[in-house]
Amino acid sequence: MASSFDHRKIRAAERAPFVRQSLPPDRLGVVAIPPIQRLRSQNLKTAVDTIRKRGSIPDMLKSFAALLFFASAVFAQANPTAYDALRTVGNQVNRDFVNRVVSVTGVDGNPQPSTWRILIDDPNARGGIREVEVTDGRITSNRVSSRQVTGTPQGATVNPARLNLDSSGAYEVASRTADSSHVPFALVSYTLRTNERGDATWIVTLQNQNRRPVGTIHIGANKGTVTRTEGMFAGAPMDAVVEDRREGDVEDEGQNPPGTRPMD
């Protein structure tokens, strides 16, 4: 009996360490992972993280490319408008010049040009006309000029109180008109002057990549109404003209039409 009893005690003692090693609790109610299994889990996690990092690199490159494209688009839109150029003249040259503008022109805009040329009625200048150029918000030229704008009566100036449409608004109107007449264009040139009735008018010329005119749109600077088009509809040649004289018939000066705003 003693030998049998001792034999059972020995076998129980041999089994005990294996029980303790196979189920050692790290935390209450949590079974510890054996070292080999823990190592495999860590390797698997490392492999998954590596795959995720490798997969994220193309996504990062795509995001970076999209950011560059967006930045280039914003840069293309960053050229100052005609209002901005007029403010620059008022702030850096003479505030009263804003009230004596004969014309504002800008060429090859995409959609806004980099340089605006402003003719000003200046009694103190020889010949009576001063020409100021504004590039990227800076005065780059200020000189006396004998230049006159074709179609503008002598001494006619743009009334700031009737100037509610900036060059950006003129572009929107011209772009919609071009879309409706299926005329593709790449560049835009602008001229702001008074018409034969003394109303401030935007003359927007649309051009292709070769800078060849594909259509011209006359837009009233007070109400944003298209008053005349040339070469825009149904393949009409550039000398074909459609006129609408409603712009001069102002019914309510107290309200600005959609898309227009007075010059500050």
Side-chain angles (χ1 to χ4, degrees), residues 73-93 97-121 131-141 147 149-152 156-180 183 185-195 198-208 211 213-230 232 247 256-264:
V74 171
F75 181 76
Q77 300 280 342
N79 286 336
T81 66
Y83 277 16
D84 296 329
L86 291 174
R87 290 191 193 96
T88 300
V89 171
N91 294 332
Q92 300 183 21
V93 182
F97 281 172
V98 177
N99 299 316
R100 290 188 268 154
V101 173
V102 176
S103 70
V104 180
T105 59
V107 299
D108 299 339
N110 184 26
Q112 299 298 308
S114 59
T115 298
W116 291 100
R117 180 179 294 110
I118 304 169
L119 297 187
I120 299 166
D121 181 17
E131 181 180 296
V132 180
E133 288 188 1
V134 180
T135 303
D136 298 330
R138 298 181 295 106
I139 302 294
T140 54
S141 177
R147 181 179 308 189
V149 179
T150 303
T152 299
T157 58
V158 175
N159 182 0
R162 300 284 296 276
L163 184 57
N164 294 320
L165 190 70
D166 196 359
S167 56
S168 57
Y171 173 81
E172 292 178 4
V173 175
S175 180
R176 288 197 299 268
T177 304
D179 288 343
S180 64
V183 175
F185 65 95
L187 301 172
V188 186
S189 292
Y190 304 83
T191 296
L192 172 67
R193 62 172 175 82
T194 57
N195 61 14
D199 298 321
T201 301
W202 280 108
I203 302 174
V204 181
T205 301
L206 309 178
Q207 303 165 288
N208 59 21
R211 292 180 171 81
V214 295
T216 299
I217 306 167
H218 295 238
I219 306 168
N222 178 43
K223 301 181 68 176
T225 304
V226 175
T227 60
R228 172 172 171 168
T229 61
E230 301 171 11
M232 295 296 299
E247 175 69 21
N256 294 325
T260 63
R261 62 185 179 90
M263 186 178 67
D264 297 335

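Predicted, not measured: the structure shown is a model, and the values here were computed from it. Hydrogens, waters and symmetry mates play no part in the numbers below; they use all other heavy atoms, side chains included.
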How far apart are the closest heavy atoms of [X] and [Y], and which atoms are they?
X: Thr227; Y: Gly220; result: CG2-N, 4.3 Å
X: Asn164; Y: Ala161; result: OD1-O, 4.2 Å
X: Pro213; Y: Thr205; result: CB-CG2, 4.0 Å
X: Thr229; Y: Ile217; result: CG2-CG2, 4.3 Å
X: Gly137; Y: Pro80; result: N-CG, 4.1 Å

Considering residues at least two apart in sequence or located in another chain, which fulfil the side-chain contact (heavy atoms from CB on, under 4.5 Å) criterion with Val173?
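For Val173, the residues satisfying side-chain contact (heavy atoms from CB on, under 4.5 Å) (neighbours in sequence not counted) are Arg176, Thr177, Ile219, Val226.
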Set of side-chain contact (heavy atoms from CB on, under 4.5 Å) partners for Val188, sequence neighbours left out
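Expected list: Tyr171, Phe185, Tyr190, Val204, Leu206.
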Find out whether [X] and [Y] are in side-chain contact, i.e. whether some heavy atom of one side chain is under 4.5 Å from a heavy atom of the other.
X: Ile139; Y: Val134; answer: yes
X: Asp84; Y: Trp116; answer: no
X: Gln112; Y: Ser168; answer: yes
X: Ile120; Y: Val89; answer: yes

Going by side chain to side chain donor-acceptor pair (under 3.5 Å), name the residues that satisfy it together with [X], two or more places apart in sequence or in a different chain.
X: Gln92; answer: none
X: Asp108; answer: Arg211
X: Ser175; answer: none
X: Thr135; answer: Thr115, Thr140

Go through the steps to decide whether Leu192 and Leu163 satisfy the test side-chain contact (heavy atoms from CB on, under 4.5 Å), and finish with yes or no.
CA-CA 10 Å; Leu192 172 67; Leu163 184 57; 3.9 Å; yes
To the nearest 0.5 Å, tell me how far [X] [atom1] sits from [Y] [atom2].
X: Leu119; Y: Arg100; atom1: CG; atom2: CZ; value: 13.5 Å
X: Glu230; Y: Thr216; atom1: CD; atom2: OG1; value: 5.0 Å
X: Thr88; Y: Leu86; atom1: OG1; atom2: CG; value: 8.5 Å
X: Ser103; Y: Ile118; atom1: OG; atom2: CD1; value: 9.0 Å
X: Asn222; Y: Thr225; atom1: CG; atom2: OG1; value: 8.5 Å

Short side-chain to backbone donor-acceptor contact, Ser167 and Ala82, under 3.5 Å
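Yes.
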Side-chain (Thr201) to main-chain (Asp199) donor-acceptor, under 3.5 angstrom
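Yes; judged by distance alone, with no hydrogens or angles, the pair exists.
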Here's a test for you: under side chain to side chain contact (heavy atoms under 4.5 Å, CB included), which of Val104, Val107, Thr105 qualifies with Thr191?
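With Thr191 as partner, Val104, Val107, Thr105 yield a single side chain to side chain contact (heavy atoms under 4.5 Å, CB included), made by Thr105.
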Polar side chain donor-acceptor pair, Thr157 to Asp121, under 3.5 angstrom
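The answer is no; no qualifying pair exists.
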